[in-house]
Amino acid sequence: MTSQPGRGATTDLIAVEDPATGSVFAEIAATSPSELGGIVTAASAAQPDWARTPSDSRRAALRACGASIAACREELATLLTREQGKPLRSAYAEVDVAADWFDHTAALSLEPETVADGGTRITVEHVPHGVVAAIAPSNFPLILAVTKLAPALLAGNTVVLKPSPLTPLATTRMAELLSEVLPRGVCAAVAGGGRLGAALCEHPAVRLISFTGSVETGTAIARSAAARFARVVLELGGNDAAIVLPGADIATTAERLYASAMTNSGQFCAAVKRVYVPAADRSEFVEAFAAQAKATVIGAGTDPATDLGPVVSEPQLTRLHGFVTEAAHAGAEIVTGGVVLDRPGHFYPPTIVTSLPPGTRLENDEQFGPVLPVIAYSSVDEAIDRANATKFGLGGSVWGDRETARLVATGLDCGTVWVNTHGDLRPDVPFGGVRQSGMGVEYGYWGLVEYTHPRVLHLRG
């Protein structure tokens, strides 16, 4: 399988593992430096005509993109489960959301805004940047590619898409489908690792880089872009805290928090990563979480009975287990899980941790796996302080009486605060973080504007 059929021979291949077995099941041709240069050049050549295409025609093209994805739903979902590990029903849902996202984006508008209309009429136009580099992660490969592709294309940019080398198959296949309904050069995918990503970001024709992934890689991209003043949109993950207020219903709240924490085996930037509960309620919450963890079915995504699939790679499994082991050595109690399962694949059981002392990576960093620390607090102010005391600021939530929770929510230093829910992401609502969770926003009108720059037009006489 190759990411761009007919591009030319290449000797370098990327091995793709099935995380449920740990075995390679496919290979994909890596994009060479010369091929990358040709693809970016083609995108640059196609961009002026695409930008001049009437906006209604671009909207129609986006709807055609969504239809092409929906028509290949089974093929894309099957590839996604094999390379990423998520349950097949979740893969189908991701394909569906990706297809719908094109339709939601096509409904948006970027009409010029009139800011003065006296003797001089002044309008602000939203102008595309040019060529956009879209770099997507491994946890939700399709939808997190589409959330970049759709607004970039609607705004009049052309796009070079690079998926994670861990999960390149479904994304490159999707790009092939899109290339069949878009003009030549408007959208193409490349395949490769960090070196290819760096070369793409450093290419002088790339005017904006949209990246979702680690803080370390995002920092490197920002430095590279700053050298030539390229724009960036960076979503660099999160360590979302949930604060449960005194008096909250324990059974209902624990059920919802557990579901959020374990979404996609915890591999979700906006998942609950740590829970702060009143000290008097800690034991009941721990018992409720532990009961759910013990009832969770762990297995391959192809098994309809599976609730929780593997994490995406062995390095991620090792890192995750290191967080838990370090916490145990520091005095934390491992209530459930906490061991690498003795079976093929990259499986880690749902793990509930409590009595966590301050200062561990499990509280301060992003574990990105099915591990949930439950931390007792003595005052709400203490919970807020600990929730804010990390380098991240993507999301957070407060659970309990709605009005009290709304007031507490104003103290959380993050891009999105939910009350009595968590991780509710919508195509018409902006999403982004503060501090090391990134810069810029995605989704909706606000995300669309990120793929443009303002041009002011003065008309007099």
Side-chain angles (χ1 to χ4, degrees), residues 1-5 16-21 25-28 58-108 134 136-154 159 161-164 166-182 186-189 191 212 263-265 267-268 299-310 312 423-428 442-443:
M1 182 177 184
T2 58
S3 58
Q4 295 289 330
V16 183
E17 273 190 359
D18 181 342
T21 65
F25 75 97
E27 293 179 326
I28 185 170
R58 291 202 300 270
R59 289 191 183 93
L62 260 64
R63 289 190 286 269
C65 288
S68 70
I69 293 172
C72 294
R73 180 177 187 257
E74 183 171 353
E75 177 190 5
L76 292 171
T78 300
L79 281 173
L80 183 54
T81 288
R82 286 295 304 278
E83 66 181 343
Q84 203 279 332
K86 65 185 61 184
L88 187 58
R89 62 182 176 276
S90 298
Y92 278 124
E94 182 172 341
V95 175
D96 293 342
V97 172
D100 289 346
W101 207 278
F102 274 109
D103 288 337
H104 285 293
T105 304
L108 299 175
S138 63
N139 56 335
F140 291 96
L142 292 182
I143 184 55
L144 292 181
V146 169
T147 59
K148 303 174 188 304
L149 287 171
L153 294 172
L154 180 61
V159 184
L161 170 65
K162 193 192 93 65
S164 165
L166 297 173
T167 55
L169 301 180
T171 308
T172 52
R173 176 59 181 142
M174 179 180 71
E176 291 170 0
L177 295 170
L178 302 186
S179 70
E180 295 172 2
V181 298
L182 294 169
V186 168
C187 176
T212 300
T263 296
N264 201 36
S265 296
Q267 299 167 113
F268 177 32
T302 52
D303 185 343
T306 292
D307 298 317
L308 195 76
V312 74
D424 181 12
L425 304 184
R426 304 188 180 198
D428 56 347
E442 297 187 285
Y443 312 167

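We use all heavy atoms of the structure for the numbers below, so side chains are in, but hydrogens, waters and symmetry mates are not.
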Side chain to side chain donor-acceptor pair (under 3.5 Å) pairs, two or more places apart, involving residues 68-78: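 Output for this query lists Arg73-Asp96, Glu75-Arg173.
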Where the side chain of [X] meets the backbone of [Y], is there a donor-acceptor pair that is under 3.5 Å apart?
| X | Y | answer |
| --- | --- | --- |
| Ser265 | Gln267 | no |
| Arg82 | Ala20 | no |
| Arg58 | Leu154 | yes |
| Lys86 | Asn139 | yes |

Gap between atom CG of Leu79 and atom CE of Met174 - 0.5 Å precision: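 It is 12.0 Å, given to the nearest 0.5 Å.
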Point-to-point distance, once rounded to the nearest 0.5 Å, from OG1 of Thr171 to CD of Glu83: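 That separation rounds to 6.0 Å.
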Side-chain atoms of residues 97-105: list all donor-acceptor pairs with protein atoms under 3.5 Å, sequence neighbours left out, distances to 0.1 Å.
unit_1	atom_1	unit_2	atom_2	d
Thr105	OG1	Trp101	O	2.8

Minimum side-chain heavy-atom gap Leu182-Leu153 below 4.5 Å: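 Yes, their side chains come closer than 4.5 Å.
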Non-hydrogen side-chain atoms of Thr212 and Thr147 separated by less than 4.5 Å: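 Side chain of Thr212 against side chain of Thr147, heavy atoms only: no contact under 4.5 Å found.
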I need the minimum non-hydrogen distance between [X] and [Y], along with the two atoms involved.
| X | Y | result |
| --- | --- | --- |
| Leu166 | Val16 | O-CG1, 3.9 Å |
| Ala189 | Ala175 | CB-CB, 3.5 Å |
| Ala134 | Val159 | CB-CG1, 3.8 Å |
| Leu76 | Ala170 | CD2-O, 3.6 Å |
| Cys187 | Leu149 | SG-CD2, 3.8 Å |
| Thr167 | Pro163 | O-CB, 4.0 Å |

Residues Val95, Ile69; criterion side chain to side chain contact (heavy atoms under 4.5 Å, CB included); working and verdict: CA-CA 7 Å; Val95 175; Ile69 293 172; 3.8 Å; yes
Side chain to side chain contact (heavy atoms under 4.5 Å, CB included) between Asn264 and Ser90, intermediate numbers included: CA-CA 8 Å; Asn264 201 36; Ser90 298; 5.9 Å; no
Side chain to side chain contact (heavy atoms under 4.5 Å, CB included) between Gln84 and Glu94, worked out: CA-CA 12 Å; Gln84 203 279 332; Glu94 182 172 341; over 6 Å; no
